[in-house]
Every structure is written in C-alpha cells, then in structure tokens.
Protein chains: 2
Amino acid sequence: MMDTEHLGTHISKQFNADLENLREEVLAMGGIVEEQITLALDAFTNNDSDIADKVIANEKMVNAKEMKIDEACTKVLAKRQPAAGDLRLIVTILKTITDLERMGDEAEKVARMAKAIANKEMAVANVKLHYGALLHLGNHVKKMLHDALDAFARMDVESAVNVAKLDNQADEEYNAISRQLITYMMEEPRRISEVLDFMWSARALERIGDHANNICEYVVYLVQGEDVRHKSWDEMQRLAKDE
Amino acid sequence: MMDTEHLGTHISKQFNADLENLREEVLAMGGIVEEQITLALDAFTNNDSDIADKVIANEKMVNAKEMKIDEACTKVLAKRQPAAGDLRLIVTILKTITDLERMGDEAEKVARMAKAIANKEMAVANVKLHYGALLHLGNHVKKMLHDALDAFARMDVESAVNVAKLDNQADEEYNAISRQLITYMMEEPRRISEVLDFMWSARALERIGDHANNICEYVVYLVQGEDVRHKSWDEMQRLAKDE
C-alpha cells in the first residue's frame, strides 16, 4: 500500500480543500435550516398550510444533507487521518450537523403546529394576540443560528460567546410567552388544546436557540481546545476575554 | 514518520483494547443515566425533594463522563488513525454519548419538576391519579435505554430495531397522558400551571425514548453500514429481516 499522506504540498492542499468543502457544506446546511425556520414562522403568522407543507417536504433535504456531510467526514477521517486541530474540526462538524438536523426537526414541528391551527378554523383571536411574541422569539433564535454559523465560519470565540448571551434572552422570552399562555388557558379552558399547540411551537423555537448555543460551544471548544460545553455562561465570557 | 499501523498483532491488540475500553465507558455512562432516570421517577412518585436534589447533583457526573469519552475518542482517532469499521465505531460512540448526555438532561428536568411539585404542597390528588401513567412511561423508556445499550454492547441489529417498536408505544403512552392532562386542565383551570409541570415531565420521558431510539439507529448504521437514521420504522424492520 502506497503511503499517499506524505507526497508533499499537493496532498496537503487537497486536504485543505477537503476541509474547506466540509465547512462550506455545513454552512449550506445551516442556510437551509435558516430558511426552514423562516418558512415555518411565515406559515404560522399567515395561517398558511401550503407554506407549512413546504417546510414538511423540505425536511427531507435537511436530513439528506446531514447524511451526506456525515459520510464525507468519515471519508476524510479515513483517507487523510488528520491529527490535532484538523481532527477536532471534523469532530466539531459531526456534532454541529447533528444540532442543525435537530433544528430542522423543530422547524418542522412549528410548521405542523401552524398547519394544525390553520386547519382548525378556530376562533383564535386571543391567541393571535400572542403571534407577535412568538414571531419575536422566532426571529431571535433565527438570529442566534445565523450568528452561530457566522462564528463557525470565522472560528470567532467572541461571537460564539455572544450567542450564549442571546440564548439567555430567548429563554426569558419563552418563559414570558409561557406565562401569558397559561393565563389565557385559565381564562379560556375550552381552548387549552389549541393553546398548547401554540406553546409547543414556542418551545420548539426555544430549543432551536439551545441548539445554536451548542454549536457556539463547539466553536469555542475547537478554537480554545477547552471543553466549555458544561461551563456556565460567566466562565464562557471569561474565556472570551482571556483569548 | 514510521507507519505504526502495520507492526503486527501487538499494536492491533492495543488498539482493540482502546476500542474495548471506549465501549465499556459508553456502557458505564449509560448505566449512570439509567440510574438517573430511576431516581428521577422515585423523586416524582415519592414527592421527595432530597432524591430530586441528588439527581440534579449527579448530572455533573454525566457531563464529565461525556467529556472524558469525547476526549478519549479524539485521542484514539489521532493515535490509531482507524479505518473503515473501527472508524465508524468511534463516530457512533461520539454520537451515542451526545444522546446519553441529553437523556441525562431530561432526567434532570424530571427531577426539577418533581421538586417543584413536592415544594408546592398543592392539592394534587387528581394529578396523582396520573402518577401511575407517568411511572409506566418512565419505566418503558428506561427499558428502551437498557435495550439500546444492550444492542450497542452486542452490536445486535434485531434488538436495535425492537427498540424502535418500543418507541412507537412510548409515543402512544405520552399522547394518552397528554390527552388526559388536557381534560384535567379544562376541568380545573386553576391547576393548569402545576399540571403543565407534570406534562413537561411526561414529555421529557418521551424524549428519553427518542434518544434511545437514536442510539439504536446508530447501531444499525454501524453494523449494516447503511444510514437508517431517516428511514421509516417499516424500512428498518425490513433491514432487520434481511440481515
């Protein structure tokens, strides 16, 4: 067997091209997920079942993308046998695409809820008062995903840590929506089932924020070689200042 | 650079020992998570804040275990540069421990809800009527995790596919609990907030089942080299019959 790993710069360039290709694929997958979130929110605010169906159909694309990148990572690992930083980059990619795929699942859930609500033709006038809050949360977590992808693309620890801060805000927004909906359910017990659909959507959005946060933690781990996944936000901020 | 991969059986034995060690660590981590689920359910059924606190404290152990295995996998990848099946095993381990860690998070959520309910000293007589259903779901997903770890340990596709079947049952159990709780909330709107705590716990348990299912899908992927993560249950069953 010929040892192709040591043929010099050409191979090294090819390897860099492999890594660059993987990174671009991750960003492309992230772009699809962003679009899915946008469409799911559209379906919600416009009571549009067709848009919801589109999100549900597109979900297959997200899954296919994950499998494709997963396979490509395994191939690069087998062919290039990377060490140290390159190896960590590939492990980070494997973890990141899992989170992106889960975000896609959550966007699909939001679309399904939007469809359920649109089909019920129910008198949701009061629920609709909360659409603004839901949309705000949705846009907030979409920004988190966007910033997380940006931090990933530029390997920027400070941006990554800022996303963790945004996640705290997302949690607060979710809690506020949740409290409002509980109050509304108490006033209109017959609407509980429909309001819960609404609440699941808010929770799905909040989880998208969590996944964006996970990606940022991988970025910090990758850049600093220190595992921050289970450190507090304060510690992460300290790490960001130290670099 | 010396090609240490081809020095013969001694190196190969060391590599096997590394892989065996990783597998044992995963099973040990799985065992801790099983114990966490057991304790969280105990805290719930006995209204015991102390047990809930124990689960919350133990969560750090689960996280530490994940980081340790993650690090060990990266080291083995760098040192042994495995190919083909061995490489896929390590990628499977990296994914599996992510799911185990998330299960630990869900068990912690159940413990926190148990604590919230225990501390509220509320008149939850009617909610308690549903404890049996929650406990049943909890034991069901605990069995799923146990079987998933078993399928992982023995690399047994048929067992893995059986867990997917159990997951359908878990989803049904969760839906039944959810419907009952909605009915109860409609009858007792003042209890909505507390009943939602209960509902989140049921959902956390249902998600533990989903994660067990994920692990089984990785096992099938590993053994058959075919990605079943986004195939339907019917297709998975067909695959199990084909082997």
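Labels below follow one simple rule: chain letters A, B, ... track the order of the sequence lines, proteins then strands, and each chain is numbered from 1.
A salt bridge links A/Glu108 to A/Arg112: one of the charged nitrogens lies within less than 4.0 Å of a carboxylate oxygen. A salt bridge is defined here as a Lys NZ or Arg NE, NH1 or NH2 lying under 4.0 Å from an Asp or Glu carboxylate O, and B/Lys109 with B/Asp197 fails to meet this definition.
Looking at A/Leu77, both its backbone and its side chain come within 4.5 Å of chain B, counting heavy atoms on both sides. Neither the backbone nor the side chain of A/Asp210 comes within less than 4.5 Å of any heavy atom in chain B. Contacts of A/Ile90 with chain B are absent, with no heavy-atom separation under 4.5 Å from either backbone or side chain.
Between A/Asp105 and A/Asn63, the shortest heavy-atom contact is OD1-OD1, 4.5 Å.
Taking B/Lys75, B/Met199, B/Arg179 one by one and counting their heavy-atom pairs under 4.5 Å with chain A, the maximum is reached by B/Met199.
Between B/Arg203 and B/Tyr174, the side chains place a donor N or O and an acceptor N or O closer than 3.5 Å (distance only, hydrogens not considered).
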